[in-house]
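Protein chains get the first letters and strands the later ones, always in sequence-line order, with residue 1 at the start of each. Below, all heavy atoms of this structure are taken into account, side chains as well, without hydrogens, waters or symmetry copies.
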Amino acid sequence: MTDRVGIVILSHSPDVARGTADMVRQMVGCDVPLSFCGGNPDGGLGTSVEKILKAIDEAWSDKGVAILVDLGGAETNSEMAIEMLDPDRQARVVVCNAPIVEGAVMAATEAWGGASLEDVRRTAEELSPP
Amino acid sequence: MIPDLKTLIEAVAATISAHAEELTALDSAIGDADHGLNMKRGFDAVLAEIGNITAKPLPEALRAVGMALVMKVGGASGPLYGTLFMSLGKELPADPALPDMAKALKSAIAAVKQRGKADFGNKTMLDVLGPVSDLLANGKASLAGIRAKAKASAEATIPMKAIRGRASFLGERSIGHMDPGARSSELMIEAICDVVEERV
């Protein structure tokens with residue numbers, strides 16, 4: 001299933017990440033490649049580059065992957081993870097500047113309809129005030 | 001003139017470990033109360049690989065330190081300090097002289113600025129690294145001068161208003177607290193000065 005953009009949900013809290021993914025699956029279904037991760041390498045609150053790389057791989061689509069994040073460190077760690085991908089994958093992963101729960105549902109809805117990575121990102125980011 | 005890398009890394013790791021609670025307390029005032037714990041986890045991971053790391057030539061060794069921090073810290077300070085060490089590794093020759101170090105630090109700081117989308121005066125680690133780098137660049141800095149600059153620069157973050165990072169959510173309320181990243185940078189610089197001093 002690589003004809004739809006993949007979605008990665010990344011929270012400092014593993015519970016928030018899992019719960020957000022549950023909402024996406026219930027509202028959008030299972031046709032969109034979806035993965036989630038959260039928590040630091042010890043399982044406490046935080047984010048982990050290693051887990052992000054794994055999540056990107058799980059949600060991989062040739063159309064690209066959109067990452068939804070909660071707070072600052074999640075964004076910095078995502079950008080670090082993207083730089084560590086193979087060069088041909090780097091340009092096809094974006095971090096969305098959007099609220100994590102609403103953004104994930106909107107992005108997944110747009111992805112389900114076959115939208116491009118840029119359109120998926122734009123739809124999610126419309127939720128953020130300019 | 002340059003002390004061995006193992007001694008330097010162990011000294012930096014030891015000071016981070018010894019001050020982990022203090023760093024976390026600073027972070028609980030204006031951030032998310034994990035800076036000390038995160039940095040300790042990162043340097044514990046570095047120490048766990050110290051044999052492998054120090055068997056490499058200096059540039060690769062510094063890159064390996066950076067990579068361990070990126071993978072294990074678990075907060076924004078992982079990519080930030082990770083980028084600092086990885087850039088130092090990229091910039092330094094295998095057997096650097098002082099001017100090489102000043103130049104490499106300047107480039108590494110530019111990389112950290114880019115990674116954190118931050119600038120000097122934003123109440124971050126850059127506010128210690130920047131002034132110390134400037135002092136190194138003039139080529140006449142004494143160890144005592146570097147130490148004093150690091151300490152004064154960390155203290156100078158107290159009245160700053162945070163522009164980047166979690167503390168920026170607090171706006172004006174971030175004023176009056178030392179930035180935890182500035183303090184951890186100060187601690188690392190002091191630890192390096194300690195090691196160099198013993199060797200001189």
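Remark: the His12(A) side chain and the Thr47(A) side chain contain no N/O donor-acceptor pair separated by less than 3.5 Å.
In this structure, the separation between CG on Leu117(A) and CZ on Arg122(A) is 10.5 Å, given to the nearest 0.5 Å.
Interface remark: Leu53(A) contributes side-chain atoms only to the contact with chain B (heavy atom separation under 4.5 Å). Both the backbone and the side chain of Arg115(B) come within less than 4.5 Å of a heavy atom in chain A. Of the two parts of Thr83(B), only the side chain, counted from C-beta on, holds a non-hydrogen atom closer than 4.5 Å to a non-hydrogen atom of chain A.
Using a 4.5 Å heavy-atom threshold, the side chains of Arg183(B) and His19(B) count as touching. Inter-residue side-chain proximity for Glu79(A) and Lys117(B) is flagged as met; some heavy-atom pair is nearer than 4.5 Å.
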